[in-house]
Amino acid sequence: MIKTYVHTPTCRHHPLNWTPTNPLFFTRHTLPLNWHHFGRSDQYNTRNMSRVPRIKLGSQGLEVSAQGLGCMGMSAFYGAPKPEPDMINLIHHAIKAGVTFLDTSDIYGPKTNEILLGKALKGGMRGKVELATKFGIKYDGVREIRGDPEYVRACCEASLERLGVESIDLYYQHRIDTRVPIEITLGMFLAGCLDLWTAMPSGCLEG
């Protein structure tokens, strides 16, 4: 059964206090993470770090780390893409430190950030994280906001493939398509029409 809830904060009012000026984190806590150092396994000792607390997100039982790792800046928008091995090491370090809520989108790169995350989640890492990605912004030379059901379905299938996973823990609407009533966009979730995508316990919010 697909469960969906609706919440529509803007970036600066994200429920996890996301800081858009930070290319890697939306955070309530600070970890000494610097991507330049992540080729060196001895740079940080996660055993000496305090564990990140966990919180309930929404009302449907999804539990995530109170600090999340926003992965956008690894692949886009904040200068050139960072070295892939360093970013995979950074993701693994964050997970070991208790930062298990990972956020990406199909527009980051575009698409390359989801591919990066998919590589980082191999080898049993998928089961240790809560994975969030987004739909709603299409870019083929021209930026377009879309929320029609056919587009959402295609986006979700493509994200699952790029991420190399069978399910997405939080799949949400990056921007609202004002041409499509939100009831139409969410109707496929509410009607259980997404069962072929496996379980997505929590649903759609603009972020």
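Just so we're clear, the structure is a prediction, and the values are computed from it rather than from any experiment. Values below: every heavy atom of this structure, side chains too, minus hydrogens, waters and symmetry copies.
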### Test item: Met74 and Tyr108 side chains (from C-beta on) under 4.5 Å apart, heavy atoms
no
### Message
Could you tell me if the side chain of Thr112 sits less than 4.5 Å from the side chain of Pro81, heavy atoms only?
### Response
no
### Task
Just jot down the side-chain hydrogen bond (donor to acceptor under 3.5 Å, both in side chains) partners of Lys119, sequence neighbours excluded, or say none.
Glu84
### Glu63: partners by side-chain hydrogen bond (donor to acceptor under 3.5 Å, both in side chains), with sequence neighbours left out
Arg54
### Query
Going only through I, L, V, M, F, W and Y residues with side-chain contacts under 4.5 Å, is there a path from Tyr151 to Ile168?
no
### Message
When you group the ILVMFWY residues by side-chain heavy-atom contacts below 4.5 Å and let the links chain together, are Ile115 and Phe77 in the same group?
### Response
no
### Query
Under 4.5 Å between any side-chain heavy atoms of Arg143 and Lys138, yes or no?
no
### Message
Restricting to salt bridge (charged side-chain N to carboxylate O under 4.0 Å, His left out), what partner residues turn up for Lys128, sequence neighbours left out?
### Response
none
### Message
Taking Ser105's backbone N and O only, do any of them form a donor-acceptor pair with His174's side chain (distance below 3.5 Å, no angle check)?
### Response
no
#### Entry: Test log, rule side chain to side chain contact (heavy atoms under 4.5 Å, CB included), inputs Leu102 and Thr104
CA-CA 7 Å; Leu102 308 183; Thr104 183; over 6 Å; no
## Note on the structure
With sequence neighbours left out, the residues meeting side-chain hydrogen bond (donor to acceptor under 3.5 Å, both in side chains) with Glu144 are none
### Message
Whether the side chain of Asn113 engages the backbone of Cys71 through a donor-acceptor N/O pair (distance < 3.5 Å, no angle test) should be reported.
### Response
yes
### Query
Does any N or O in the side chain of Lys56 come within less than 3.5 Å of the main-chain N or O of Leu62, such that one atom is a donor and the other an acceptor?
no
### Query
Any side-chain donor-acceptor pair under 3.5 Å between Glu130 and Ser65?
no
### Message
Do Cys156 and Glu161 make a side-chain contact, defined as non-hydrogen atoms from C-beta onward lying under 4.5 Å apart?
### Response
no
### Task
Using side chain to side chain contact (heavy atoms under 4.5 Å, CB included) as the criterion, list what pairs up with Ala132, not counting sequence neighbours.
Phe101, Asp103, Leu170, Tyr172
#### Entry: side-chain hydrogen bond (donor to acceptor under 3.5 Å, both in side chains) partners for Arg179, two or more places apart
Asp177
